[in-house]
Amino acid sequence: MLTPAAIDELSTFALRLADAAAEVTLPHFRSGLDVDNKRGNFAFDPVTAADRDAEQAIRTLIGKHYPTHGIFGEEHGREAGSSPLHWVIDPIDGTRSFISGVPLWGTLIALNDGARPVIGIMDQPYIGERFIGRPGSSELISRHGRRTLRTSRCTRLEDALLGNTDPAMFREEAARAAFREVSSRVKLRRFGGDCYFYCLLAAGTLDLVIESSLQPYDVQALIPIIENAGGIVTSWTGTDAQMGGHVVAAATPELHAAALEILSKAV
């Protein structure tokens, strides 16, 4: 178990990693950079030099300062370490937003202690917002200062504001039908937010995020941010969400239970 002093040290270091990534990503944003498709002709899964180089900048710093730590990143895969501590990285979560000039992408950095993610950062350097979760607290750091994050008190689907990146992510008909049922009952639906929507849930302006087809690097940094703001992140069956797949994040236990009652039937 990490001591409070270690949490402080590693949280500060995580901010340095976000700074290093931003130095790479920002010059490319809205620059018309070339885009590659990782999946060939069958689906559009974009990746850019900004993705690859930002992750490499993060890896270089980790290797220099914490060479025993493992690393798992979207672009360069796994690198085992001798310590149970390992970093889980998505250098640009929301590459589709990035290449479209929409400032809802973010750099995701998680520190996993070998059991679960304990520190998480979502950095949106163009807007100048940095969300960080660590044991006991979640906060937003921006040009307006620092403020503690708290989820809303929404308990009913009928009152909820729901976020989702793209309903096309639900590949099975049962999952699509379950999402349609939940979304038909909420007060408001918003799409296209990628990792930013999860942070808005932590900040109390969204109440519910429902997604699928996620990888560990898509969600691990977001779990400490939401949980330490008072929210809940699980799979659609209520189990640990850190490995991705079908994920639901909710502001309150009551709202989470109402969503699970529908979603759990689809998986």
Side-chain angles (χ1 to χ4, degrees), residues 12-67 69-81 86-112 117 119-132 141-143 165-166 168-169 191-199 211 213-222 225 244:
T12 299
F13 180 68
L15 295 175
R16 289 185 59 192
L17 297 179
D19 289 338
E23 289 181 6
V24 176
T25 58
L26 280 177
H28 290 291
F29 186 53
R30 297 181 177 174
S31 70
L33 80 169
D34 292 334
V35 178
D36 297 326
N37 184 3
K38 290 190 284 190
R39 294 187 183 173
N41 296 324
F42 299 102
F44 184 52
D45 188 9
V47 64
T48 70
D51 297 80
R52 300 186 182 104
D53 294 349
E55 183 172 317
Q56 188 56 56
I58 291 171
R59 286 174 174 268
T60 298
L61 270 178
I62 294 170
K64 178 180 179 181
H65 293 280
Y66 295 98
H69 290 191
I71 305 172
F72 177 31
E74 178 175 13
E75 305 307 332
H76 299 298
R78 295 183 183 272
E79 183 178 334
H86 59 279
W87 299 86
V88 183
I89 305 160
D90 191 344
I92 300 178
D93 182 83
T95 301
R96 291 172 178 81
S97 289
F98 186 90
I99 64 175
S100 304
V102 178
L104 297 182
W105 54 276
T107 296
L108 297 179
I109 301 167
L111 178 67
N112 191 304
I119 298 170
I121 287 180
M122 194 291 278
D123 186 46
Q124 212 313 309
Y126 187 79
I127 296 175
E129 292 184 339
R130 185 167 285 178
F131 297 81
I132 179 166
I141 305 171
S142 73
R143 59 176 59 96
T165 296
D166 185 349
M169 66 170 47
F191 300 100
D194 295 293
C195 57
Y196 198 76
F197 276 176
Y198 291 87
C199 294
E211 299 201 312
S213 306
L214 301 187
Q215 297 297 321
Y217 43 73
D218 294 320
V219 70
Q220 288 207 19
L222 301 167
I225 297 171

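All values derive from a computational prediction rather than experimental measurement.
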What's the shortest heavy-atom distance between [X] and [Y], and which atoms?
X      : Y      : result
Ile89  : Ile58  : CD1-CG2, 3.4 Å
Ser97  : Gly192 : OG-O, 4.0 Å
Ala110 : Pro117 : CB-CB, 4.5 Å
Cys199 : Met122 : SG-CB, 3.6 Å
Gly94  : Trp105 : O-CB, 3.4 Å
Thr25  : Ala54  : CG2-CB, 3.8 Å

Side-chain donor or acceptor of [X] paired with backbone N/O of [Y] under 3.5 Å:
X      : Y      : answer
Thr107 : Ile92  : no
Glu129 : Asp123 : no
Arg52  : His76  : no
Gln124 : Tyr126 : yes
Glu74  : Tyr217 : no

> Side chains of Tyr196 and Pro103: closer than 4.5 Å at any heavy-atom pair?
Replying inline: no

Separation of [Y] [atom2] from [X] [atom1] (nearest 0.5 Å):
X      : Y      : atom1 : atom2 : value
Asp93  : Asp51  : CG    : CG    : 10.0 Å
Cys195 : Leu222 : SG    : CG    : 6.0 Å
Gln220 : Leu108 : CD    : CG    : 10.5 Å
Asp166 : Arg96  : CG    : CZ    : 7.5 Å
Ile109 : Ile119 : CD1   : CD1   : 11.0 Å
Asp218 : Glu211 : CG    : CD    : 8.5 Å

> Name the one of Thr60, Leu111, Ile62 that satisfies side-chain contact (heavy atoms from CB on, under 4.5 Å) with Leu17?
Replying inline: Ile62

> Is the CZ atom of Phe13 crowded by more than 12 outside heavy atoms at less than 6.0 Å?
Replying inline: yes

